[in-house]
Amino acid sequence: MKKITRRQALGIGTGASIALGLSACSSSSAPAAGASGASGSPGASGASGAPLSIPKGGIDEVYEGRRIQITLDASGHHGMPVPNIKIDGKELHLMGNADGSWVTVVNHYESFPDPVAAARAAIRDLQGAELAPFTLPKEAPQL
């Protein structure tokens, strides 16, 4: 009878553990069919697939004397809605992390649980300063 080598046993064990890990990840991260986000529109979810807490009509509030307007923009990656934030009419660039948290260009060292918290933190960090426009230089290659 032929014996299995340690190298073969290690390869079989590694392959089995990878297959189990991948199947567990794909089954736990798959969104439920027909799930709708907190905004009331189907598929309105954040960076990690968790529902966004933005109402269908958007958010329009004044925080520390600055106006925050948040709407959902359907032009996100793979058609997922992305929050569009404006502070006093100027766009605040918002980026979603893989874990569902959010960061802004004003403070990209701190993550926030939702876009509203990120906008409020940006206002605090601006300390009354105007929000500078976030645009790419004309000579930068478009990805």
Side-chain angles (χ1 to χ4, degrees), residues 4-143:
I4 189 168
T5 65
R6 286 182 281 192
R7 179 177 283 181
Q8 290 171 330
L10 183 62
I12 292 170
T14 302
S17 63
I18 289 173
L20 285 173
L22 289 176
S23 66
C25 287
S26 65
S27 65
S28 67
S29 65
S36 66
S39 66
S41 59
S45 57
S48 69
L52 286 174
S53 59
I54 299 173
K56 193 169 190 168
I59 295 173
D60 192 352
E61 71 177 28
V62 176
Y63 179 75
E64 292 187 7
R66 309 288 293 269
R67 185 175 183 191
I68 299 174
Q69 296 171 301
I70 304 176
T71 56
L72 286 176
D73 188 8
S75 65
H77 192 60
H78 295 293
M80 298 296 290
V82 176
N84 184 14
I85 299 178
K86 291 186 178 183
I87 296 177
D88 295 335
K90 295 182 181 174
E91 185 177 1
L92 172 67
H93 187 69
L94 182 74
M95 298 159 281
N97 294 325
D99 64 353
S101 61
W102 301 89
V103 295
T104 66
V105 294
V106 173
N107 184 353
H108 57 272
Y109 296 109
E110 186 177 358
S111 296
F112 302 97
D114 56 37
V116 177
R120 290 176 179 165
I123 287 175
R124 286 190 304 271
D125 289 342
L126 286 169
Q127 298 178 359
E130 289 293 318
L131 186 62
F134 182 73
T135 57
L136 293 173
K138 293 187 188 306
E139 64 273 1
Q142 298 295 320
L143 301 177

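Heads up: numbering here begins at 1 and tracks the sequence. Excluded from the calculations below are hydrogen atoms, water molecules and symmetry mates; all remaining heavy atoms, backbone and side chain alike, are included.
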Participant: Would you call Glu130 and Lys90 a salt bridge, using N to O less than 4.0 angstrom?
Facilitator: yes

Participant: Between CD of Glu61 and CZ of Arg67, what distance do you get to the nearest 0.5 Å?
Facilitator: 11.0 Å

Participant: Flag the pair Ile123 / Ile87 as yes when at least one side-chain heavy-atom distance between them is below 4.5 Å, and no otherwise.
Facilitator: yes

Participant: How long is the straight-line distance from NZ of Lys86 back to CG of Asp60, given to the nearest 0.5 Å?
Facilitator: 11.5 Å

Participant: What are the two closest non-hydrogen atoms of Trp102 and Pro83, and how far apart are they?
Facilitator: CH2-CD, 3.7 Å

Participant: Which heavy atom in Ile85 sits nearest to a heavy atom in Pro115, and how many Å separate them?
Facilitator: CD1-O, 3.7 Å

Participant: How about His93 and His108: do any of their side-chain heavy atoms sit closer than 4.5 Å?
Facilitator: no

Participant: Which heavy-atom pair separates Ile4 from Gln8 by the least distance, and what is that distance?
Facilitator: CG1-OE1, 3.4 Å

Participant: Does any non-hydrogen side-chain atom of Leu131 lie less than 4.5 Å from one of Asp88?
Facilitator: no

Participant: Do Val103 and Asn97 pass the side-chain contact (heavy atoms from CB on, under 4.5 Å) test, and can you show the C-alpha distance, the side-chain angles, and the key distance before you say yes or no?
Facilitator: CA-CA 7 Å; Val103 295; Asn97 294 325; 3.6 Å; yes

Participant: Would you compute the distance between atom CZ of Arg66 and atom CZ of Arg124 and round it to the nearest 0.5 angstrom?
Facilitator: 13.0 Å

Participant: Looking at side-chain heavy atoms only, is the closest gap between Val105 and Met95 below 4.5 Å?
Facilitator: yes

Participant: Taking the side chain as everything from C-beta on, heavy atoms only, tell me whether Asp125 gets closer than 4.5 Å to Thr104.
Facilitator: no

